[in-house]
> 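The structure follows.
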Amino acid sequence: MGDFIRDIIDGDLEANRQQKVITRFPPEPNGFLHIGHAKSICLNFGLALEYREKLPDSGTRCHLRFDDTDPTKEDTLFEDGIQEDVRWLGFNWDDLYHASDYFEKMYEYGEHLITQGKAYVCSLTDAEIKEYRGSVTAAGKNSPHRERSVEENLDLLRRMRKGEFKDGEHVLRAKIDMSNANMKMRDPLLYRIRHTAHHMTGDTWCIYPMYDYAHPISDAIEGITHSICTLEFENNRELYDWVIDNLIEYAKFPSRPRQYEFARLNLNYTVMSKRRLLELVEGKHVSGWDDPRLPTIAGMRRRGYTPEAIRAFCASVGVAKANSTVDMAQLEFHIRDDLNQKAPRVLSVLKPIKVVIDNYPDAQVEELDASYWPHDIPKEGSRKVPFCKEIYIEQDDFMLEPPKDYYRLSPGKEVRLRYAYCITCTDVIKDNDDNVVEVHCTYDPETKGANPVGRKVKGTIHWVSAKHAIDAEIRLYDRLLSEESPPTGKESEFLNAINPQALQVLTGCKLEPSLAVAKPGESFQFERQGYFVVDIKDSKPGNLVFNRIVTLKDSWARSQKK
RNA sequence: UGGGGCGUCGCCAAGUGGUAAGGCACCUGGUUUUGGUCCAGGCACUCCGAGGUUCGAAUCCUUGCGCCCCAGCCA
């Protein structure tokens with residue numbers, strides 16, 4: 001399984017440009033991780049795992065580094081969440097760092113750049129800086145402070161650090177080229193003044209480095225060999241190289257990292273941007289960052305997605321440079337593929353309708369043996385399910401006037417009750433509005449665990465004993481949006497695309513009694529319905545709450561749609 | 001109108017001059033006490049378009065076209 005990044009690494013190793021591979025996952029602790037981050041996590045940590053195997057004892061590793069250079073947005077709370085998510089995905093960082101660990105070094109390098117004539121303190125206002133920068137088609141013009149002496153620059157920077165100026169009064173800038181075709185190279189800002197406490201460094205600093213300055217330095221200090229980021233940073237690479245090239249001799253970095261960019265993950269029927277996720281959460285359109293409708297790691301965890309499935313999905317989408325949007329069906333495939341092997345089968349009726357088996361002895365109860373696994377899953381284990389005269393079946397499994405190829409229950413027709421008997425519908429009871437409220441059947445005692453002789457019964461449906469069933473709340477989750485891609489329009493327009501069916505709460509669902517002891521986070525396949533997980537937050541013994549992880553593929557439903 | 005990228009099946013994605021991998025989705029059929037799984041088969045004479053080079057091109061050249069990113073004291 002190769003991709004252009006692995007090709008580059010292989011090339012570096014073969015040419016002996018590198019003897020090891022050191023990567024890093026560098027989230028900013030200002031929000032929660034989503035599946036797009038999962039792709040990056042799998043790439044960066046996966047690379048370290050793979051190459052450590054090929055190059056044992058080489059020092060190959062992957063760091064988790066919090067890119068905490070903007071104290072106005074970042075928080076320890078987010079760091080905790082991020083660490084939990086990375087670990088849950090199944091990865092362990094070899095070292096944990098903060099960009100803020102290097103603030104002192106970065107400052108020192110800033111002074112060095114000044115002494116080299118490569119940086120200067122600029123005192124233009126916010127608006128002036130923007131104006132002087134020019135545009136994509138027009139060159140910018142030099143700041144009037146561009147030729148300040150080294151002494152003046154040093155003095156100003158030191159006083160900036162001491163806190164002698166207000167926010168925005170001065171900035172430190174790289175002296176590069178105000179007419180560069182690459183906007184990122186037009187004397188980019190290196191430091192800005194922020195009289196704001198930092199969650200790691202407290203009030204030690206009132207000047208903070210910008211991403212384009214902090215990132216290459218952090219990478220170089222940590223000995224990162226391959227600094228992998230997303231496509232939108234392609235323009236920043238030239239600046240990344242500039243920073244390192246102008247500091248590497250002085251700083252004696254342990255590596256000369258190179259930045260490579262890959263396409264970020266996009267998924268249809270959902271939103272991935274921090275801004276939109278935040279809007280959903282703060283606007284109470286979802287219950288929180290871990291709402292199972294969200295593509296956040298926390299949301300997917302609560303939804304019942306497994307780390308293995310998410311990793312397999314990330315591996316399946318590949319790593320390339322073309323902007324792309326992966327079909328949600330591909331993610332769902334991997335969820336089912338994983339759960340098929342892991343989730344024991346049980347019987348649950350979501351939308352019950354009562355069935356009375358008229359010729360079954362009134363007080364009789366049979367304990368039927370039911371395997372947790374289908375014949376094709378090589379696992380052992382079974383439980384007893386009680387069977388008696390009154391049971392519940394799924395409303396969808398009964399039809400008064402069925403289409404020709406419907407092979408569930410309908411008047412005069414026979415179906416198999418999974419693990420139990422074949423029953424034939426003999427009568428229905430309707431309410432005043434003509435709705436079927438009860439179905440009457442007879443059973444064939446000869447069909448217990450055996451096929452009827454002389455006839456074929458095509459359909460098998462699930463059921464649960466009315467007397468023994470336990471009640472539960474079941475939350476049916478579906479795709480967040482009802483449209484493939486959110487409206488491109490500005491503002492909150494995407495909110496209109498929210499799928500009203502993304503969450504459907506069902507109460508009074510009937511579960512087989514063995515589920516009474518199901519533990520939070522435990523997942524099951526409810527036969528013929530889908531995969532469900534006991535909600536980790538709201539489920540309580542005696543008050544069970546299940547989340548639907550994903551439905552089973554349903555070729556019947558699909559054929560009916562046509 | 002500047003610069004940086006990208007364009008291969010409905011969606012991802014291999015391919016790097018030798019005659020279009022694979023996965024998802026979809027369609028057929030088989031197995032089946034889950035209309036699940038599994039199994040067998042189908043699904044790009046064509047690689048954004050047009051020229052050209054070559055015995056031979058998705059791969060090289062030329063030239064169009066389309067899409068994404070860059071003008072935060074965000075990352």
Side-chain angles (χ1 to χ4, degrees), chain A residues 1-3 7 26-28 30 67 69-70 72-74 122 124-126 129-131 133-140 167-173 179-186 189-194 208 210-212 214-215 229-238 261 263 265 268 274 313 315-334 336-337 340-341 345 347 374-377 405-408 415-420 422 447 449-451 457-462 484 525-530 551-560:
Chain A
M1 188 200 53
D3 53 63
D7 288 345
E28 183 186 13
N30 71 341
D67 217 338
T69 56
D70 185 355
T72 65
K73 296 182 177 171
E74 296 147 6
C122 179
L124 254 23
T125 65
D126 188 327
I129 287 176
K130 181 183 169 74
E131 182 198 331
R133 189 148 36 216
S135 72
V136 291
T137 51
D167 287 8
E169 239 179 293
H170 306 284
V171 292
L172 181 70
R173 291 232 245 174
S179 60
N180 199 299
N182 181 352
M183 298 289 293
K184 298 289 182 195
M185 297 298 275
R186 321 247 263 223
L189 276 60
L190 268 24
Y191 269 96
R192 74 291 218 189
I193 299 171
R194 284 269 184 286
Y208 293 95
M210 300 287 288
Y211 166 86
D212 283 311
H215 208 87
C229 62
T230 45
L231 252 28
E232 67 270 28
F233 291 101
E234 278 173 327
N235 296 320
N236 302 55
R237 188 176 60 234
E238 193 176 355
E261 311 86 14
L265 173 68
N268 59 12
K274 227 167 230 180
F313 167 73
S316 81
V317 302
V319 178
K321 296 198 66 156
N323 287 311
S324 60
T325 301
V326 176
D327 196 329
M328 186 63 90
Q330 191 164 337
L331 208 208
E332 291 169 345
F333 165 82
H334 287 283
R336 292 190 188 102
D337 194 46
N340 180 43
Q341 300 294 322
R345 274 58 169 177
L347 302 179
H375 60 90
D376 52 303
I377 304 291
D405 50 355
Y406 182 83
Y407 44 87
R408 276 109 101 146
V415 285
R416 166 165 294 285
L417 293 176
R418 176 129 243 228
Y419 304 122
C422 290
T447 56
N451 280 121
V457 174
K458 178 77 172 161
T460 297
I461 63 174
H462 59 278
E484 266 206 56
Q525 184 195 101
F526 289 178
E527 293 209 33
R528 303 207 309 133
Q529 308 262 28
T551 61
L552 249 30
K553 276 178 69 176
D554 188 347
S555 56
W556 166 248
R558 194 174 346 134
S559 73
Q560 289 306 291

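These values consider heavy atoms only, across backbone and side chains, with no hydrogens, waters or symmetry-generated copies. Just so it is clear: chains get the letters A, B, ... in the order the sequence lines come, proteins before strands, and each one is counted from 1.
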> What does G66(B) pair with, Watson-Crick or G-U, if both distances are under 3.5 Å?
C6(B)
> Tell me what Thr551(A) touches on the nucleic acid: a base, only sugar-phosphate, or nothing, going by heavy atoms under 4.0 Å.
nothing
> Using a 4.0 Å heavy-atom cut-off, does Leu124(A) contact any base of the nucleic acid, only the sugar-phosphate backbone, or nothing at all?
base
> Is it true that Lys73(A) and Glu28(A) make a salt bridge, defined as a side-chain N closer than 4.0 Å to a carboxylate O?
no
> Rounded to the nearest Å, what distance is computed from the CZ atom of residue Arg194(A) to the P atom of nucleotide A75(B)?
9 Å
> Return the pairing partner of A20(B) with a 3.5 Å limit on both distances, Watson-Crick or G-U wobble; otherwise return none.
none
> Sugar-phosphate means primed atoms, P, OP1 and OP2; the rest is base. With that split, encode nucleotides 39-44 of chain B 5' to 3' as B, S or - using protein heavy atoms under 4.0 Å.
------
> Using a heavy-atom cut-off of under 4.0 Å over every strand shown, decide if Asp126(A) touches base, sugar-phosphate, or nothing.
base
> Round to the nearest Å and state the distance from Met185(A) atom CE to C70(B) atom C1'.
13 Å
> Which nucleotide in the list C73(B), C11(B), A75(B) gets nearest to the side chain of Gln330(A)?
C11(B)
> How many Å lie between CG on Asp3(A) and P on U16(B), as a whole number?
16 Å
> Take nucleotides 32-37 of chain B nucleotide by nucleotide from the 5' end and write B, S or -, depending on whether a protein heavy atom sits under 4.0 Å from the base, only from the sugar-phosphate, or from neither.
BBBBBB
> Under a 3.5 Å cut-off for both contacts, is C38(B) paired Watson-Crick or G-U wobble with anything, and if yes, with which nucleotide?
G30(B)
> Please give the nucleotide sitting opposite G51(B) as a Watson-Crick or G-U wobble pair, both distances under 3.5 Å, or none.
C61(B)
> Would you tell me if any nitrogen or oxygen in the side chain of Arg186(A) comes within less than 4.0 Å of OP1 or OP2 on G72(B)?
no
> Base, sugar-phosphate, or nothing for Asn236(A), non-hydrogen atoms under 4.0 angstrom?
base
